[in-house]
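Beneath this line is the structure, given in structure tokens, with notes to follow.
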Amino acid sequence: MNRVMKSIKLYELSFFFVCIFILDSVFHLGRLLSGNEMDYLRYILFASVLGSTFILLCTKKKVIINQFSVCVIIYILLLFLSYVRAVFIKQDLDIANEFLKGYVYFIFLPCLLFSVKTKKQLYILIKLLVFLGTTLSLLSFLLLFAAIRKPSLHSVLMDFVRYFDLMNMMYQDGNTLRIMFSGILLQIIAFFLSLCFYIDKGKLFNFILLVINFIGIFLTYSRGIIAGVVLASIFVLMNYSKVSKNSRKRIIKILIISLLMILLSLIILLKQDSDIINFFINRFFHNNETESNNIRLEMTYMLKDLMYKHIFIGNGAGAHILLRDGRVEMVFHDIVSKVGIIGLLCFLYPFFSMIYYQIHGTKNSKFSLSSLKLCSLAALFAIMVASYSNPYLVTSFGLLIYCLCMCIFTWTKPNEGVL
């Protein structure tokens with residue numbers, strides 16, 4: 001009995017560490033508590049997640065290893081070998097360390113598998129992600145409103161944003177703002193999880209969450225992110241037959257009403273004072289960022305030359321191009337250039353497997369979570385598309401969402417893919 005109680009406390013503690021780590025990743029609580037630029041709390045929390053996961057692994061009598069876990073393990077081994085290669089052929093180890101650093105967040109995969117034991121815990125984590133993403137999206141909307149209508153409120157909001165170090169990028173163009181928070185991936189998953197809640201339960205509140213998060217994503221004006229969200233929404237539409245008839249009606253209702261509500265709210269709010277429509281058209285359909293486009297095009301050509309040298313096994317973790325200090329924003333190109341096609345296939349295999357399972361479906365499920373599977377996978381789909389030209393996926397939030405999707409598909413299909 002005591003042993004069971006200790007085990008329960010340990011997995012609950014591990015789950016608690018994950019939730020606090022996510023909160024700290026958004027609001028940088030460690031900096032606020034210490035008054036220092038270095039967020040020591042983040043390192044302490046990550047060490048706690050790592051330590052509790054290791055203890056849970058050691059105390060497990062039986063560990064089920066499925067194809068997702070195998071692919072991640074193989075990919076990590078390939079990363080290790082690419083680093084060893086970089087050391088032996090004397091490549092730039094700063095580049096190699098920077099490349100490997102993001103992948104430490106694959107620790108979320110075993111951590112979530114071991115620490116999330118109940119449906120209640122899963123929904124606590126889901127609601128936390130929705131709360132954080134919606135908070136950022138609402139803040140984006142308020143910043144735009146305040147910049148146009150209430151300059152005094154805008155100053156207060158900017159002090160709040162700077163205090164918590166939330167902003168990744170913001171600039172004003174005429175009477176509109178382009179706002180990109182460092183937690184943009186939380187806004188994406190909050191949008192699709194809000195969609196999940198609305199599909200399951202309906203309710204006006206869930207629909208409002210959906211609209212707020214769409215506006216927050218729209219205000220990034222990121223071509224990659226918006227394209228990813230649109231394509232992922234189409235993916236949801238194509239797969240809504242997997243859920244109930246009421247859910248199908250709600251999805252169709254969302255598609256019809258959401259665009260009307262968003263456009264109407266923006267028109268009412270901004271009237272004729274904003275350049276939001278012109279800015280959107282220029283951003284997406286006119287070549288108004290020649291320098292940025294040229295740099296990415298040049299980066300693509302240079303990476304292709306590098307990739308073709310060792311297309312299957314890569315050039316080593318320290319391989320780089322002579323542009324922007326050698327750091328590459330294009331995730332998939334970067335993986336191929338360093339770890340090769342084999343590495344990329346291992347990295348993407350879980351994603352394509354989940355796509356396959358979602359399309360073909362299975363009848364046996366531990367939980368009835370069909371809409372949650374679909375919408376969490378759609379969020380990952382959107383991030384994958386955006387990561388073609390940006391490093392979103394290989395971040396703490398990117399790999400958290402990837403690992404969360406793998407866990408949801410593992411929990412709902414416990415007998416599938418088991419070795």
| message | Just checking F332: does its CZ atom have more than 12 heavy atoms from other residues, nucleotides or ligands closer to it than 6.0 angstrom? | response | yes

| Is it true that Y402 and F108 have ring centroids separated by less than 6.0 Å? | no

| task | Would you check if the side chain of R85 reaches a backbone N or O of G314 as a donor-acceptor pair within less than 3.5 Å? | result | yes

| query | Are Y392 and F397 an aromatic pair by the rule of ring centers under 6.0 Å? | reply | no

| If you measure from CG on L112 to CG on L122, what distance do you get to the nearest 0.5 Å? | 9.0 Å

| said: Does the plane of the ring in Y103 sit parallel, tilted or perpendicular to the ring in F106? Use 30° and 60° as the thresholds. | reply: parallel

| said: Regarding N213 and S137, do their side chains bring together a donor and an acceptor under 3.5 Å, going by distance alone? | reply: yes

| request: Name the orientation class of the two ring planes belonging to F381 and F235 (parallel below 30°, tilted from 30 to 60°, perpendicular beyond 60°). | output: parallel

| message | Under a 3.5 Å cutoff, is there a donor and acceptor pairing between the side chains of N315 and S337? | response | no

| query | Is it true that a side-chain atom of D94 and a backbone atom of N97 form a donor plus acceptor pair closer than 3.5 Å? | reply | no

| task | Kindly indicate, with the supporting measurements, whether the criterion side chain to side chain contact (heavy atoms under 4.5 Å, CB included) is fulfilled by M180 and I225. | result | CA-CA 11 Å; M180 178 82 78; I225 288 173; 4.1 Å; yes

| query | V104 and L399: side chain to side chain contact (heavy atoms under 4.5 Å, CB included), yes or no, with the steps? | reply | CA-CA 9 Å; V104 299; L399 289 182; over 6 Å; no

| request: Check for a donor-acceptor pair, side chain of S140 on one end and backbone N or O of L136 on the other, with a separation under 3.5 Å. | output: yes

| request: Would you sort out whether I20 and L23 count as a side chain to side chain contact (heavy atoms under 4.5 Å, CB included), showing the intermediate values? | output: CA-CA 5 Å; I20 299 300; L23 273 171; 4.2 Å; yes

| said: Does the structure place the NZ or CZ of K203 under 6.0 Å from the centre of the six-membered ring of F197, at an angle of no more than 45° from the ring's axis? | reply: no

| Side chains of S387 and N390, donor plus acceptor under 3.5 Å | no

| What's the shortest heavy-atom distance between T53 and F114, and which atoms? | O-CD1, 4.1 Å

| task | Start with the C-alpha distance between M158 and L143, add both sets of side-chain angles, then the distance that settles side chain to side chain contact (heavy atoms under 4.5 Å, CB included), and finish with yes or no. | result | CA-CA 8 Å; M158 285 305 302; L143 280 168; 3.7 Å; yes

| query | Can we call the ring centroids of Y356 and Y349 under 6.0 Å apart? | reply | no

| message | Can you tell me how the ring of Y105 sits relative to the ring of F46, calling it parallel under 30°, perpendicular over 60° and tilted otherwise? | response | perpendicular

| task | Work out which heavy atom in V26 is nearest to a heavy atom in L166; give both atom names and the distance. | result | O-CD2, 3.2 Å

| query | Which atom names give the shortest non-hydrogen contact between G343 and I335, and what distance separates them? | reply | C-CG2, 4.1 Å

| request: Report the distance from atom CZ of F181 to atom CD1 of I179, rounding to the nearest 0.5 Å. | output: 6.0 Å

| task | May I ask you to check whether F351 and F347 place their ring centers less than 6.0 Å from one another? | result | no

| Got a second to check how far S115's OG is from L10's CG, nearest 0.5 Å? | 9.5 Å

| query | Is there a donor-acceptor pair under 3.5 Å between the side chain of Q121 and the backbone N or O of K117? | reply | yes

| query | Is NZ or CZ of K150 both nearer than 6.0 Å to the six-membered ring centre of F145 and within 45° of the ring axis? | reply | no

